[in-house]
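A note on names: the letters A, B, ... follow the listed sequences, proteins ahead of strands, and every chain is numbered from 1.
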Amino acid sequence: MGGCFSDMKGGKQGIGGAEQRPTAMVANSSYGEGPNDAVEFFHRTRGQHPLFTQLELSLSASNLLDCDITSKSDPMAVVFAKKVDGKLEELGRTEVILNSLNPAWINKVAVSYQFETVKRLIFHVYDVDTKYHNIPVKMLNLKDQDFLGEATCVLSEIVTVQSRSLTVNLSNNNGRRGARNLGTLTIHAEETVASRSLVEIKFRCSNLENMDLFSKSDPFLRVSRIVETGGSIPICKTEVVDNDLNPTWKPLCLSMQQKKKIAWNEFEVDLFRKLQKSVAELERLHKERTGANFLLPSSKNGHEKVLKGQLFVDQFQEKLQFSFLDYISSGFELNFMVAVDFTASNGNPQDPTSLHHISPYGRLNSYQQAIMQVGEVIQFYDSDRRFPAWGFGGRKPDGTISHCFNLSANESAFEVEGVEGIMDAYARALHKVSLAGPTLFGQVIDRAAQIAGESLSHHSNKYYVLLIITDGVLTNFQETKDALVKASNLPLSVLIVGVGGADFTEMEILDADNGCRLESSTGRVATRDIVQFVPMRDVHSGQISAVQALLEELPGQFLTYVRSRDIKPSNLSAAQTSV
Amino acid sequence: MEKYCHPPSRTVEITILSGEDLRIDRRSIQKNAFVVVRCDANNFRTTEMDGEGGSYPKWNERLILDLPAHAQAVTLEVHCKTAFGNKVVGTASVPVSDFVGGYVPESYLHFLSYRLRDSRGVRNGIINISVKMKDPAAPQYSFSASASAAEQTTVGVPVGRSDNGVGVVTGVPVWCAYNSRNF
């Protein structure tokens, strides 16, 4: 098996596992990689459930090309979906496995499977150069890496095989298979089952054999799950402990798939040697404080040699982890707020090319389309369908420029009713307010933060989402970053929808998806990622469902907030019956 | 005890959670990072040393400090004990306004993160903390609760720190509990 002898610093951290530790408020959390139950819930309540399944792909490869001179390649796989226009959209990346030509990657790639669409997947395998090993894989520039080959298949090809595994040959860039054998890639697809039950296990070993010549071994554990159709899939690994034959690792979190058969819960622990135990057996090891011996599969007569090395379970703790839907269905309220960009960069509303042009023929402009499409989704999740609605960057009738004014006709009431209310208030404001500038998000973000912050005095079960619809040209980037960093500690997310065709590079930076946390001018760093940016052109090009795009990060952002504060769904029994 | 004669003085609970990507001279630190939280020169608390986390240490240690009414900021100093004595990895200043006032309830648990800067002002890692103000109505003489844990901790006080970057930092062990026993 690949990846067992890592000697590089970058590959030594633990990978996988089901839970991010609640105290580690890391922005690039792994929640986004799991299934998005918020999207599924939206579809299911509209009777669209059977059309839509979330799958996760596990990848492994064999006989890869060796690009490194002194050691073997350090492969990483990237999965793309091929869009109708031929462009590739990245779906996800695996981790880098060090020094292996036969890697079995742990990180899974989530894809949504719609029966009626043909989804062509492209897989690229790269050799990641040693100098990039300390960089998160998401931030790697693929152009800098050595290309090891590509493969392609249609998603339904994998799903229709009984074993749900498909092996394809890797070829070089131009599609033809060259003279050299570039190896094969195996893709395994499984339906993702959201599970509330976790088990936290702390492993320790004693008397491991020494594998290194001049020092002691640097052991780590890899835990795999036995699949019903045979074989096993690695799901997580511990960090590497240097130079120690009696190592203790940090606790691992394994998710228990209760809906499936017991077979799901059998884990294989492989170090240099193997050991196969069910979760129940691991629990017994913990209770009886005994060790289990590692086995060495022998090629002769099928016997397994029992080794001196033993595995102990120092800690075995079952935990419940609640999903986004558990909170929503138990009465946790989402409240949306809307802010519309009234700056001059949108173009004069009288001009038909303006993003704010109101057509005499009733055709919706870009902002109206965005309000309608996004509104449909947020209205579904909003608890009272009353939205505070503001505009920014406009010149009010009294001649002053405001960076946060009420859209509603009634100056004192800042809330409007439903999507219709937003549409009416928007159209009315467009007549009264003239477009001006500069474009500053700070004041609307502060206002939203104030509402979210004040709600904490009397409710602990409200979470706010500020929806900013903008053409994306910011005047003062740092001012926006400061406001976002300040708000990152509150029950608030900011969803930025970009209309028009402007350059959205700054919006992508605010989104912080590349793992860089936002930093304010005073040196404070965002507690967590609270921003998601969605360009509207992606939403109505029909390639990704609008719902999927808009709700992609919200559940993860919400869960980081409640889990860090140890907030539990208020009515547990209700949550359990409804999901 | 004199400190409590000033009624506006308040108690603040600061939990030092973790550090990220800590470096000394651009090299990731190996172990033995600890944090000194300082309200003013004589009013400080120190965490234990982290032994496992390397350049991503985790402390999860709750420190209780007396926050003087005039305090504008709390200073976080990340130190690292090396073979050559204690080195300051980086410092960050936490404005009191980040956790007092604003729109949230007084006792709100704030999760805050700050960029650390070394003695030359170069960006160096991130520190994650949580901060909560204790109820001002009930002044607590609660240092004895933390004293038992603090008693085993030696505190490194940087002495002779010069700002030109070449100064050597010397570690002087001080019994933390000494501070809380002097009344």
Side-chain angles (χ1 to χ4, degrees), chain A residues 9-10 12-14 21-28 134-136 239-242 247-250 446-460 464 485-492 515-529 560-561 563-567, chain B residues 15-21 23 26-28 30-31 51-62 72-76 90-99 101-118 121-132:
Chain A
K9 184 122 188 103
K12 288 192 170 181
Q13 72 278 38
R21 307 214 48 79
T23 48
M25 302 283 290
V26 197
N28 52 343
N134 280 316
I135 302 174
E239 77 280 8
V240 176
V241 175
D242 284 344
T248 302
W249 291 277
K250 287 176 194 158
D446 281 346
R447 181 81 181 94
Q450 185 186 351
I451 293 178
E454 280 168 356
S455 83
L456 289 164
S457 316
H458 24 272
H459 308 280
S460 60
Y464 292 82
V485 170
K486 213 172 139 203
S488 64
N489 180 33
L490 295 167
L492 175 72
C516 278
R517 292 158 78 177
L518 293 180
E519 208 168 314
S520 81
S521 46
T522 61
R524 187 170 157 195
V525 179
T527 306
R528 59 200 180 94
D529 174 18
T560 330
Y561 179 80
R563 284 180 189 161
S564 70
R565 284 159 198 279
D566 211 18
I567 299 170
Chain B
T15 305
I16 306 296
L17 298 170
S18 59
E20 295 175 30
D21 196 20
R23 291 160 186 268
R26 280 186 277 169
R27 287 230 185 103
S28 294
Q30 298 300 312
K31 56 178 178 180
E52 312 187 316
S55 57
Y56 286 78
K58 284 200 169 72
W59 296 283
N60 285 325
E61 200 173 323
R62 200 175 64 171
Q72 297 288 312
V74 174
T75 312
L76 306 172
T91 56
S93 174
V94 182
V96 169
S97 59
D98 280 1
F99 54 88
Y103 314 121
V104 297
E106 280 290 272
S107 60
Y108 186 63
L109 176 64
H110 294 264
F111 283 94
L112 303 170
S113 302
Y114 294 90
R115 171 65 63 186
L116 293 166
R117 292 196 180 259
D118 68 14
V122 179
R123 292 154 58 99
N124 186 359
I126 289 174
I127 182 163
N128 301 310
I129 61 170
S130 73
V131 186
K132 192 176 176 179

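- Contacts of A:Glu519 with chain B are made by side-chain atoms alone, with heavy-atom separations under 4.5 Å and no backbone atom involved.
- In this structure, chain A has no heavy atom under 4.5 Å from any part of B:Tyr56.
- Residue A:Glu454 places its CD atom among more than 12 non-hydrogen atoms of other residues, nucleotides or ligands, all under 6.0 Å distant.
- Residues B:Phe111 and A:Arg565 meet the side-chain proximity criterion, which asks for heavy atoms closer than 4.5 Å.
- To the nearest 0.5 Å, the span separating OG on A:Ser520 from OH on B:Tyr114 amounts to 8.5 Å.
- Annotation: B:Lys31, atom NZ; neighbour count of heavy atoms from other residues, nucleotides and ligands within 6.0 Å does not exceed 12.
- A pairwise comparison of heavy atoms in B:Leu109 and A:Asn489 identifies O-OD1, 4.2 Å as the closest pair.
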Would you please test A:Arg524 and B:Ser113 for side chain to side chain donor-acceptor pair (under 3.5 Å) and show each step? CA-CA 6 Å; A:Arg524 187 170 157 195; B:Ser113 302; over 6 Å; no

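- Atom CZ of residue A:Arg517 and atom CZ of residue B:Arg115 lie 8.5 Å apart, to the nearest 0.5 angstrom.
- The two residues B:Leu112 and A:Thr527 make their nearest non-hydrogen contact at CA-OG1, 4.2 Å.
- Heavy atoms of A:Ile451 lying under 4.5 Å from chain B are absent altogether.
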